[in-house]
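These notes concern the structure reproduced below.
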Amino acid sequence: MSRIRRNAALSAVALACAAGSTRADIPYWWYINNSNFGFEIKHMPDFDQRRSASGNTQGLPNNGSMYCVPTATVNLFAYAANHGFPNIGPGMANWQLQSKYNIATATINNVGFYMGTTPSGGTGGQGWDDGLATWLAGHPYMEYSHYWASGTWAPTMADMTLSVGQGGIVAFAYGRYQIASNWNGYPRVSTRTGGHAVTLTGTWKIGSDEHILYRDPADDSANATQSTFGNTMYNTLTRQVAFGQSSGQVRNCVELVTNSNDGQRRIIDEYVSIRPKFGMHFSPSQQVIGFILPQAFFTNALIELPSEVHLDPSVDIIDAVLSPDNAEVFALVEDLLGNEHVQVVDPATGQILNTWAFPRLENITFGRKRQLYATDGPKTYCLDPDTGAIVASLNMNNDAMVYRDGTDQLCVLDGTSLKWYPENLALITAPPTWNIPTSVPIGANPKISIGPASGRVWLTSEASDALYGLLLPASGGPLQVLTISLPGIVNPGAVCEDAAGGLIVACDGSVKHVKQASTPIGSFWYIDTSSPWHNKPAGPMFCTSQSRTNFDPLLHTGPAWNNIDPSQLTFGEFMPDCPGDLDGSQRVDVNDLNQLLAGWGTASLSSDVNRNGVTDVDDLNMLLANWNKSCVDLPCPGDADGNGVVNVDDLNLVLSNWLTADDVGDFNSDGVVNVDDLNDLLSHWQNTCL
């Protein structure tokens, strides 16, 4: 499998022409620096948010006018299901087919329910995050990052391109901001007047030449049919913008160039990335950081996470952590002279992005808002992760620490007790403290982590081979202790809980995935030898990526974060995946020609192939250029039953639907199951897509 790394010698032209397999989802990806990068992703679903009920076809509340967030997110879920994670709803399918329309509608509606989406206001505040967390809660191999503009930071195309380069798929929102004036030479905007969510499919930036591609859920009028999949393209402008009513807070932002004269700027200010869970491990006093990626979306793409990153041979690793968005590794290292440094490493390429010095540190960890906490033992610091400058500090004994996202507290192991400090390390005379029972031995090199599913503080040390789960009592009283001792768990270095409550443990040189099973007579813990994590080599220092968000209710709630009615949106250039396929059959044929001729001279979207506002000879030429072209994008060609394997069960389904118009077995979507579909199945015999 080839891989594109950061390399100034690589030209954009060569990258754009890089060859992959016929199912490669990433035809090009490159990243040289934040002014020279790009990618495109294929096979992303493009569901419509505006859905009206008709006969047996389901619709959405208010015809889906405010359902951009759940729709853009369901695009990601459906892509994940089609690329190795079929248990994520709505599951594997050819989502362009009209027969799948009601399933897609029901999924969008259900995700909207978990997001708190309303027919009039859309998805505001923390709703996007709540829906992601709920929908992915039972999937131990999947996670998400959700980051909003805050302070002087805003998401850029470079950030989102790197997220894809590290194995993720992305949706983002742009806010509509009122133009104010200038502030210290920067263009200034004031009030956010709503936003719109879309699904990212491509970026391109070489100096000032830049544009973005995305699936726009709102680019079709309300109806009861799935429109043709396609991308919207906008030119973009990356520049510094000041935010605020009177004073300025300058951010490096990406603006969509709409040429609108409505006094509004459309600026990207929020993004979501979902990706398969991965692990990071290392051994103290070594120079190598290893990565474990049990599953991936892009199995035949140009990009993949490296198995290891080699640091400078003149340093030894003391500690290392992932940044909250999983985009960077912060490695605490010591050089030959005993000087300590923090090196910031890009895990997608191994490139060292930044280095700063700080003496005598022992451990580091991150808060969800990108606060870096560090300790030298008797004192704990909150540091600026970009410069190492001390933001706050507090005298306290610190043997191990972890940040608790749900309550925004720093949990510190102090001898035989757990203490909880506020995120700003404010001096408090008596922090909430729970004594650890004497039944839990605490030896050298203790490690603690917090489970996102159970809320337990998991503790390991050299004193025992057991895993200890400490649960804070809801209404006072001592800590509740869960002890897990299993053959095969020896010398546990660290334990991380997954989204389903399982435990990923690094022990004695490899990883074990410990899960809980329930029976009529009780429950028990066991090592899942079928897990993709099982027996992966790993050093004793280990952590896994996790879902995190920087949501701040003081900044990211209120009417400003409501969604924009589609009638008030602007739409960029539309580029269909299958130009000329007007009826969504995924084949350009006489039916599409008749539909085009019926709309000749009008601005109807049902006949305007290039979406330039009129059906004319340019649309006819585009249709004829693709005549009889099949644009079928099946998640697994030849897989009729959707289980990810082409075998005798699929053959039986094709034969049982022979010469019918059933979707099951009609691989080329020409309306009949026949010898062409049989040949398609046989040409992919025994293929697996999982």
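Start at 1 with the first residue, then count along the sequence. Because only heavy atoms are used, hydrogens play no part in the values below, and waters and symmetry mates are left out as well, while side chains stay in.
- Contact check on Asp262 versus Arg176 returns no salt bridge, with no Lys/Arg side-chain nitrogen under 4.0 Å from an Asp/Glu carboxylate oxygen.
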Check: residues 60-67 side-chain donor-acceptor pairs under 3.5 Å, at least two apart:
residue: Asn62; atom: ND2; partner: Pro119; partner atom: O; Å: 2.9
residue: Ser65; atom: OG; partner: Asn62; partner atom: O; Å: 3.2

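- Rounding to the nearest 0.5 Å gives a distance of 11.0 Å between OG of Ser273 and CG of Leu162.
- At a threshold of 4.0 Å, the pair Glu328-Arg370 counts as salt-bridged, since one of the basic side-chain nitrogens sits closer than that to a carboxylate oxygen.
- For Met233 against Met575, the heavy-atom pair with the smallest separation is CB-CE, 3.7 Å.
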Exercise for the section: Go through Asp25 and His83 one step at a time and tell me if the side chain to side chain donor-acceptor pair (under 3.5 Å) criterion holds. Expected result: CA-CA 10 Å; Asp25 282 356; His83 293 79; 2.5 Å; yes
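- Smallest separation of non-hydrogen atoms from Asp325 and Ser323: OD1-OG, 2.8 Å.
- Put simply, the side chain of Thr549 gets close to the backbone of His146: a donor and an acceptor are under 3.5 Å apart.
- Aromatic ring centres of Phe243 and Tyr177: separated by under 6.0 Å.
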Practice task
Let me see the working for Asp405 and Arg548 under salt bridge (Lys or Arg N to Asp or Glu O under 4.0 Å), right down to the final yes or no.
Solution key: CA-CA 8 Å; Asp405 287 9; Arg548 306 192 84 173; 2.7 Å; yes
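- Separating the OG1 atom in Thr544 from the OH atom in Tyr141 is a distance of 12.5 Å, to the nearest 0.5 Å.
- Note on Asp408 versus Arg368: salt bridge recorded, some NZ/NE/NH1/NH2 to OD/OE distance being below 4.0 Å.
- Applying the side-chain hydrogen bond (donor to acceptor under 3.5 Å, both in side chains) test to residues at least two apart or on different chains, the pairs with a partner in residues 104-127 are Arg51-Thr105, Thr117-Thr123.
- In this view, Thr203 and Thr161 satisfy the side-chain hydrogen bond (donor to acceptor under 3.5 Å, both in side chains) rule, not counting sequence neighbours.
- Checking side-chain atoms of Arg215 against main-chain N and O of Ala72 turns up no donor-acceptor pair under 3.5 Å.
- With respect to Arg456 and Glu497, no salt bridge is recorded, no charged nitrogen being found less than 4.0 Å from a carboxylate O.
- No salt bridge links Asp498 with Lys277; every basic N to acidic carboxylate O contact stays at or beyond 4.0 Å.
- Of all non-hydrogen atoms in Cys496 and Ser449, the two that sit nearest each other are CA-OG, 4.4 Å.
- The ring of Phe39 has its center no closer than 6.0 angstrom to the ring center of Tyr31.
- A side-chain N or O of Tyr234 and one of Thr570 form a donor-acceptor pair less than 3.5 Å apart.
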Exercise for the section: Show the numbers, then the answer: is there a ring-ring contact (aromatic ring centres under 6.0 Å, His included) between Tyr214 and Phe172? Expected result: CA-CA 9 Å; Tyr214 57 77; Phe172 70 89; 5.7 Å; yes
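- No hydrogens or angles considered: a donor-acceptor pair under 3.5 Å links the side chains of Gln516 and Ser523.
- Across every non-hydrogen atom of Gly89 and Trp135, the tightest pair is O-NE1, 3.1 Å.
- Checked against a 6.0 Å centroid threshold, the rings of Phe551 and Tyr147 do not count as neighbours.
- The minimum heavy-atom distance between Ile169 and Leu76, with the atom names listed, is CD1-O, 3.5 Å.
- Cation-pi geometry between Arg251 and Trp153 is not met at under 6.0 angstrom from the ring centre and within 45 degrees of the axis.
- A salt bridge does not link Glu255 to Arg266: none of the charged side-chain nitrogens sits closer than 4.0 Å to a carboxylate oxygen.
- Nearest heavy-atom pair across Thr615 and Leu596 is CG2-O, 3.6 Å.
- In this model, a donor atom of one side chain and an acceptor atom of the other lie less than 3.5 Å apart for Ser227 and Asp48.
- In summary, the side chains of Gln178 and Gln264 do not present any donor paired with an acceptor at a separation below 3.5 Å, with no hydrogens or angles considered.
- If you check the side chains of Asn326 and Ser545, you find no donor sitting under 3.5 Å from an acceptor.
- Side-chain N/O atoms of Asn82 and His43 include no donor and acceptor closer than 3.5 Å.
- Glu270 and His556 are not linked by any side-chain donor-acceptor pair at a separation below 3.5 angstrom, with hydrogens and angles left out of the test.
- In this structure, CG in Leu200 is found 9.0 Å from CE in Met157, a value given to the nearest 0.5 Å.
- Checked by atom type and distance alone, the side chain of Thr201 pairs as donor or acceptor with a backbone atom of Leu213 at under 3.5 Å.
- Residues Trp561 and Trp128 keep their aromatic ring centres 6.0 Å or farther apart.
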Practice task
Apply side chain to side chain contact (heavy atoms under 4.5 Å, CB included) to Val164 and Ile41, showing your working.
Solution key: CA-CA 9 Å; Val164 173; Ile41 186 171; 5.6 Å; no
